[in-house]
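Here is the structure we will look at.
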Number of protein chains: 2
Amino acid sequence: MIARATDGSGNRDTLNRERVVRAAAELADERGIDSVTMRELGRRLGVEAASLYNHVTGKDDLLSGMADLAAAEIDLPSIDVDWKEAMRRRAVSAREAFGRHRWASGLMDSRKWSGPYSLYYADRVLGTLINAGFSPVIASWAFIGIDSYIYGFERQRSNLSMSEDVDTVEVAQETLAAIPQGALPSLAAVAMEYAEKPYDEAAAFEFGLDLILDSLERQLEADSATRR
Amino acid sequence: MIARATDGSGNRDTLNRERVVRAAAELADERGIDSVTMRELGRRLGVEAASLYNHVTGKDDLLSGMADLAAAEIDLPSIDVDWKEAMRRRAVSAREAFGRHRWASGLMDSRKWSGPYSLYYADRVLGTLINAGFSPVIASWAFIGIDSYIYGFERQRSNLSMSEDVDTVEVAQETLAAIPQGALPSLAAVAMEYAEKPYDEAAAFEFGLDLILDSLERQLEADSATRR
DNA sequence: ACCTGAACACCGTTCAAGT
DNA sequence: ACCTGAACACCGTTCAAGT
């Protein structure tokens, strides 16, 4: 008799934390993180906003749950693979996850990074690097460096309005047209390139990623040569 | 006769956009970005919240002004200096500015990056790189890569609760104590290091920065060797 | 055990009214 | 030209009351 019990989700039993969090993530995917309000989420679940507090301690808890959901989509490096390849896969899969859930990277900013899962995650990353021969401190710096790059790149995505659904050729042409003759020559030069060949986001991401990984590799080689 | 006209700021004339924005930045510095509400800001300026709309079109405009204020504190690379040193100074001064204004990096996330000042800024950075011998596309990728790292690193700061006012030795000891014997061995190894020698944030930042800059330099050298 | 309805304190913003 | 006071639509959250 109750609509919620048999609605489209195919989930026939009552509300619980997981269903609430999942619905919030879907809402954010479809209409942006700002539209995730307790009232709107309640509406989506056929329930009053106040009822959500039976399954989630508050909005903060809800957002943490959403962040966990997205984090779980990022590949854990497997111990037995080459460290460079492992870091590469991790970075690429993170970028893909953030592409699917544009709200995720911003959410991980504010939320503390200390759940049991993220500790395990950190251990695996650090373990991969230490196994490869990096000292614990250098491994931690490398971890921080790679992650900084991953999250920072995601930030730029929305920033320069160079998301996938934007015609970068068009943006470049408009930028070019807006620049007064002779002013900003370097920016004009770049815009001229992109007016012909569109901006390849994945290529840009991997270019920067490889700058970091190549330097790390070189440092590892130099270090083992010294010890020999 | 009016208190506001002669108050501590030493600014005797009436309210204007600059004073409003500056007061908002100070409020954010002292009590966090969340405490910047129109009502609270009005209280600080001795005025009703509604009055602020005479000087600022809305809260969005206010936040943009704050972001501009912080951006102006980041060094523009001077054309005549070595590209690597220029990028280095830019990155270091950005990190310092974000340290003074913890709200700044998060604010630049959401705000579009297309004001006349930031276009000029981009031109200078790109110009420095192109002058050094990078192609326009590679220069833009390098620009994006370095900026991603800068902003991403700032993000991590708050994240791992490794800010300046936190005793990282203590955090490491607590982490170590919380890890069950034998579990998370790599994380434990890192924590053990930091329990003895505190985490050096500036060193970590420059380590990652140099990974990027060194790779760029190497690429430049290899490229010019090919052309010779 | 879970949901509702109403309330509370707080937002950003608008607008007629004052000076 | 700038400020006030009151209002509006919207938040997150609490809590007694229902079932």
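Below, read A as the first sequence line, B as the second, and so on, with proteins coming before strands; counting in each chain starts at 1. Everything numeric here is computed off the predicted structure, so don't read it as measured data.
- When B:Asp61, B:Leu62, B:Leu41 are each tested for a side chain to side chain contact (heavy atoms under 4.5 Å, CB included) with B:Leu52, only one passes: B:Leu41.
- A salt bridge links A:Glu30 with A:Arg44: at least one charged nitrogen is closer than 4.0 Å to a carboxylate oxygen.
- Residue B:Thr14 places its side chain closer to D:dC2 than to any other of D:dT4, C:dC2, D:dC2.
- Close to D:dC3, at under 4.0 Å from its OP1 or OP2, lies a side-chain N or O of B:His55.
- Regarding contacts with the backbone of D:dT4, a side-chain N or O of B:Ser51 is found under 4.0 angstrom from either OP1 or OP2.
- Here the straight-line distance linking atom CD of B:Glu206 with atom CD of B:Glu201 works out to 11.0 Å at 0.5 Å rounding.
- For B:His101, the side-chain hydrogen bond (donor to acceptor under 3.5 Å, both in side chains) criterion is met by B:Asp29, B:Glu73, not counting sequence neighbours.
- Residues B:Phe205 and B:Tyr149 are in side-chain contact: their nearest non-hydrogen atoms beyond the backbone lie under 4.5 Å apart.
- A:Leu45 has its CG atom 13 Å from the C1' atom of C:dC3, to the nearest Å.
- Heavy atoms of A:Thr37 sit under 4.0 angstrom from primed sugar atoms or phosphate atoms, though from no base atom.
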Nucleotide-resolved protein contact map, nucleotides 13-19 of chain C, B/S/- at heavy-atom distance under 4.0 Å
BBB----
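- No donor-acceptor contact under 3.5 angstrom links the side chains of A:Tyr194 and A:Thr175, judged on distance only.
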Watson-Crick or G-U pairs under 3.5 Å in DNA chain C, rendered as dot-bracket with [ ] for crossing pairs and | for another strand
||.|||||...|||||.||
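- Residues that satisfy the side-chain hydrogen bond (donor to acceptor under 3.5 Å, both in side chains) test with A:Tyr120, not counting sequence neighbours, are A:Arg124.
- Every residue two or more places apart in sequence or in another chain that forms a side chain to side chain contact (heavy atoms under 4.5 Å, CB included) with A:Glu174 is listed here: A:Glu170.
- Between A:Asp61 atom CG and D:dG12 atom C1' the separation is 14 Å, expressed in whole Å.
- Taking atom CG on B:Asn16 and atom C1' on D:dC3, their separation rounds to 15 Å, with Å as the unit.
- A:Leu52 places its CG atom 13 Å from the P atom of D:dC11, with the value rounded to the nearest Å.
- Across the protein-nucleic acid pair, A:Ile33 atom CD1 and D:dC11 atom C1' stand 15 Å apart, rounded to whole Å.
- With sequence neighbours left out, B:Arg39 forms a side-chain hydrogen bond (donor to acceptor under 3.5 Å, both in side chains) with no residue at all.
- To the nearest angstrom, C1' of C:dC2 lies 5 Å from CG of A:Asn54.
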